[in-house]
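Take a look at the structure below.
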Amino acid sequence: MIDAEIRELTPQATVAVRITERMSELDLGQLFGEHLPNIAHGIAERSGHPAGPPYGRYHSWEADRVDVEIGIPVAAPVAGLRPLDQHEPGEMGASELPGGPAVVAVHRGRYDTLREAYEALPGWIASQGRQIGGAPWESYVDDPSEVDGAELRTEVCWPLILAR
């Protein structure tokens, strides 16, 4: 059973880094642990205001490599940051989580069990007569230093193609 619904999302400004790693070298926990504090500091340093939980957006997840965007939503675009695609990998830039129709699923449990949500969602989306429309992301609602791993809430958002 999956706890999911279709929502109309509003585009959300973010501050993020984008990194491509070989699967054999991938340590997502290390990447998030390294970059999220730097992003939070960069937002504060530029008088920005966080507007939601940190996220990881997976532009590509292949057998041999992963292309991930790690970021924090902000209340408004942060001054002094070029768009993320104008930066070298791992450098902080301005980005945006897309708006439009998306399935939003709440996963409860440790991060290493998120695969279950990603495996279940394509079938759930098809059962709703919809199609996947873009790169998914996960928002880390709970702080793992404050909440037991079994109780962690993570929202998995997957853009959908507009219904015709």
Side-chain angles (χ1 to χ4, degrees), residues 1-21 23-61 66-81 84 87 89-100 102-122 124-125 134-160:
M1 187 75 172
I2 189 162
D3 179 13
E5 65 182 5
I6 295 173
R7 294 185 196 164
E8 187 69 26
L9 302 180
T10 302
Q12 175 70 58
T14 70
V15 175
V17 299
R18 190 163 171 180
I19 299 161
T20 300
E21 287 272 335
M23 192 63 81
S24 61
E25 299 169 6
L26 183 66
D27 182 341
L28 284 173
Q30 184 273 328
L31 286 176
F32 280 84
E34 174 186 344
H35 292 287
L36 283 175
N38 294 336
I39 294 167
H41 179 74
I43 292 169
E45 191 175 69
R46 291 168 178 82
S47 301
H49 302 284
Y55 71 91
R57 185 169 190 208
Y58 299 96
H59 294 279
S60 174
W61 188 284
V66 173
D67 176 358
V68 61
E69 178 180 325
I70 298 168
I72 298 174
V74 289
V78 174
L81 284 179
L84 190 57
H87 288 274
E91 289 184 341
M92 187 171 57
S95 190
E96 180 179 86
L97 291 173
V103 61
V104 179
V106 178
H107 172 79
R108 280 201 180 270
R110 299 183 189 288
Y111 298 139
D112 62 1
T113 64
L114 274 164
R115 170 187 279 187
E116 298 166 9
Y118 283 100
E119 289 173 350
L121 279 172
W124 188 91
I125 291 167
W137 69 90
E138 49 199 46
S139 294
Y140 308 103
V141 178
D142 295 318
D143 183 335
S145 68
E146 299 174 3
V147 176
D148 179 69
E151 296 301 317
L152 285 172
R153 286 175 300 146
T154 306
E155 283 189 347
V156 177
C157 301
W158 214 324
L160 302 172

key: Trace of the side-chain contact (heavy atoms from CB on, under 4.5 Å) decision for Glu21 with Val68   = CA-CA 8 Å; Glu21 287 272 335; Val68 61; over 6 Å; no
message = Would you say that Tyr55 contacts Glu155 through its side chain, given a criterion of any heavy-atom pair below 4.5 Å between the two side chains?
response =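 A side-chain contact is absent here, since even the closest heavy-atom pair is not under 4.5 Å.
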query = Within a strict 4.5 Å, meaning less than it, do heavy atoms of the Leu26 and Leu31 side chains meet?
reply =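 Leu26 vs Leu31: side chains touch.
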Over all atoms of both residues, closest heavy-atom pair of [X] and [Y]:
{"X": "Ile39", "Y": "Ala16", "value": "CD1-CA, 4.1 Å"}
{"X": "Pro122", "Y": "Glu119", "value": "CD-O, 3.7 Å"}
{"X": "Ser139", "Y": "Pro53", "value": "CB-CG, 4.0 Å"}
{"X": "Ile72", "Y": "Pro50", "value": "CG2-CB, 4.1 Å"}
{"X": "Ala102", "Y": "Pro159", "value": "CB-CA, 3.9 Å"}
{"X": "Ala76", "Y": "Ala13", "value": "C-CB, 4.2 Å"}

inquiry  = With a sphere of 6.0 Å drawn around NE2 of His49, does it hold more than 12 non-hydrogen atoms of other residues, nucleotides or ligands?
reply    =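 Count not over threshold, so no.
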Is it the case that the side chain of [X] and the backbone of [Y] share a donor-acceptor pair, with hydrogens and angles ignored and the cut-off at 3.5 Å?
{"X": "His87", "Y": "Met92", "result": "yes"}
{"X": "Trp158", "Y": "Gly134", "result": "yes"}
{"X": "Arg108", "Y": "Arg153", "result": "no"}

Distance (rounded to the nearest 0.5 Å) between [X] [atom1] and [Y] [atom2]:
{"X": "Thr154", "Y": "Glu138", "atom1": "OG1", "atom2": "CD", "value": "6.5 Å"}
{"X": "Ile19", "Y": "Ile70", "atom1": "CD1", "atom2": "CD1", "value": "4.5 Å"}
{"X": "Asp148", "Y": "Arg110", "atom1": "CG", "atom2": "CZ", "value": "6.0 Å"}
{"X": "Arg57", "Y": "Asp67", "atom1": "CZ", "atom2": "CG", "value": "10.0 Å"}
{"X": "Trp137", "Y": "Leu97", "atom1": "CH2", "atom2": "CG", "value": "5.0 Å"}
{"X": "His59", "Y": "Glu69", "atom1": "NE2", "atom2": "CD", "value": "4.0 Å"}

task = Just jot down the ring pair (Phe, Tyr, Trp, His ring centres under 6.0 Å) partners of Phe32, sequence neighbours excluded, or say none.
result =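 By the ring pair (Phe, Tyr, Trp, His ring centres under 6.0 Å) rule, Phe32 matches Tyr140.
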query = Would Tyr58 and Tyr118 count as a side-chain contact (heavy atoms from CB on, under 4.5 Å) if you check the C-alpha gap in whole Å, the side-chain angles of each, and the deciding distance to 0.1 Å?
reply = CA-CA 11 Å; Tyr58 299 96; Tyr118 283 100; 3.9 Å; yes
request  = If a pair satisfies side chain to side chain donor-acceptor pair (under 3.5 Å) and one of its residues is in residues 29-41, list it, with sequence neighbours excluded.
outcome  =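 Output for this query lists Gln30-Glu34, His41-Glu45.
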ask   = For the side-chain contact (heavy atoms from CB on, under 4.5 Å) test, which of Val74, Thr14, Leu81 pairs with Ile43?
value =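 Among Val74, Thr14, Leu81, the one that satisfies the side-chain contact (heavy atoms from CB on, under 4.5 Å) with Ile43 is Val74.
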ask   = With sequence neighbours excluded, what pairs up with Gln12 under the side chain to side chain donor-acceptor pair (under 3.5 Å) test?
value =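 Expected list: none.
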